[in-house]
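Structure in structure tokens, see below.
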Amino acid sequence: MSAEPVQNKRPLSPHLQVYKPQITSVSSIFTRFAGVALVAGMFAFVGWLLALSLGWIPFLFFAQLTTNPIVFIMIFGWSWAFWYQIFSGGRHLLWDAGFGFEIEGARLWGHATFTLSFVATALTWVYLWLGAY
Amino acid sequence: MAKTKKDISKNSGFVSSGTHHWWHLKLASLALLPLSLWVFFNLIHIFTSQMHYSGIKAWIAEPLNAGFLSLFVVVAFYHAAIGGQEVIVDYVSDKNTNRLCMVLYYLANIIGALIGLYAIFNIVLAHS
């Protein structure tokens with residue numbers, strides 16, 4: 001069984017760089033970026049839960065972190081990644097159900113995914129900002 | 001579809017079936033759609049209502065909230081594990097490194113879920 005497999009010289013598929021970015025491919029890769037960001041976000045979320053359960057000193061340490069501009073940017077990024085993943089994931093579920101495969105529909109939904117995620121993120125932060133003051 | 005001896009000798013053919021993986025990813029995302037929105041809106045509520053330490057803990061300790069939150073943590077990390085795995089499959093080409101990354105990534109997600117469950121459990125216990 002363990003004989004060395006014969007390496008046949010099959011052609012490679014073209015590298016990604018030769019393709020012009022299109023809304024379908026861009027919206028697809030951003031689903032992945034958002035997903036990866038959200039995995040990190042989940043670790044931050046359970047870290048926050050853990051701090052909460054350990055006592056008010058760890059909790060205050062966590063709460064105080066949010067005043068750091070870099071942490072704030074991360075939280076802002078996660079809020080966008082969340083909305084993007086919601087709309088893009090919803091789009092994927094619609095595809096799985098057999099809808100939206102026509103080229104025009106796919107383009108339209110690609111643009112809609114970005115637009116809806118921007119609008120929802122903006123609304124989220126307006127609401128948070130209004131609620132905080 | 002199983003790999004035949006001819007496939008192995010030609011170094012091609014299906015390695016395994018992906019249907020199970022795909023189906024679980026879909027089930028998890030379907031469950032996460034309402035669950036994550038519920039968590040998201042409750043987090044916004046927590047931050048806008050100036051709820052603080054004990055208030056947040058009391059909210060988590062409510063049975064229904066603790067239940068949905070636990071469900072969210074488990075399903076979200078499951079989705080993270082089987083969804084994020086695709087990134088490793090695509091970009092880590094060396095077989096051994098790939099396997100190592102996969103094991104470490106799954107381990108990290110299991111630990112993440114356990115930390116979440118432990119924290120929620122602790123908060124519920126402390127409150128009862």
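All figures in this text were calculated on a predicted structure; none of them were measured in a lab. For the numbers below, each heavy atom of this structure counts, side chains included, while hydrogens, waters and symmetry mates do not. Within every chain, numbering begins at 1; the chains are lettered A, B, ... in the order of the sequence lines, protein sequences first and strands thereafter.
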Are there residues of residues 93-108 of chain B whose heavy atoms fall under 4.5 Å of chain A's heavy atoms? If so, which? B:Y105, B:A108

Which bit of A:F43 comes within less than 4.5 Å of chain B, counting heavy atoms only: side chain, backbone, both or neither? both

Please rank A:H92, A:M42, A:R32 by heavy-atom pairs under 4.5 Å with chain B and give me the top one. A:R32

Does A:Q22 reach the side chain of A:V26, with side-chain heavy atoms less than 4.5 Å apart? no

Those residues of residues 53-77 of chain A that come under 4.5 Å of chain B on a heavy-atom basis, listed by number, are A:S53, A:G55, A:W56, A:F59, A:L60

Counting heavy atoms not belonging to B:F68, are there more than 12 under 6.0 Å from its CZ? no

I'd like to know whether A:F114 forms a ring pair (Phe, Tyr, Trp, His ring centres under 6.0 Å) with A:F30, so could you lay out the CA-CA distance, the side-chain angles of the two residues, the decisive distance to 0.1 Å, and finally the verdict. CA-CA 9 Å; A:F114 276 105; A:F30 268 90; 5.6 Å; yes

Option that, when pairs with chain B are counted at under 4.5 Å, heavy atom only, ranks first among A:L38, A:V36, A:I86: A:I86

Could you tell me which portion of B:L43 (side chain, backbone, both or neither) has an atom closer than 4.5 angstrom to a non-hydrogen atom of chain A? side chain

Could you tell me which of A:L52, A:V39, A:L50, A:L49 has the largest number of non-hydrogen atom pairs under 4.5 Å with chain B? A:L52

Is it true that atom CZ of B:F121 has more than 12 heavy atoms of other residues, nucleotides or ligands lying nearer than 6.0 Å? no

Is chain A contacted by the side chain of B:L37, its backbone, both, or neither, given a heavy-atom distance below 4.5 Å? both

Under 4.5 Å from any heavy atom of chain B - which part of A:Y127: both

Okay, B:L30 and chain A: the region with an atom under 4.5 Å from a heavy atom over there is both

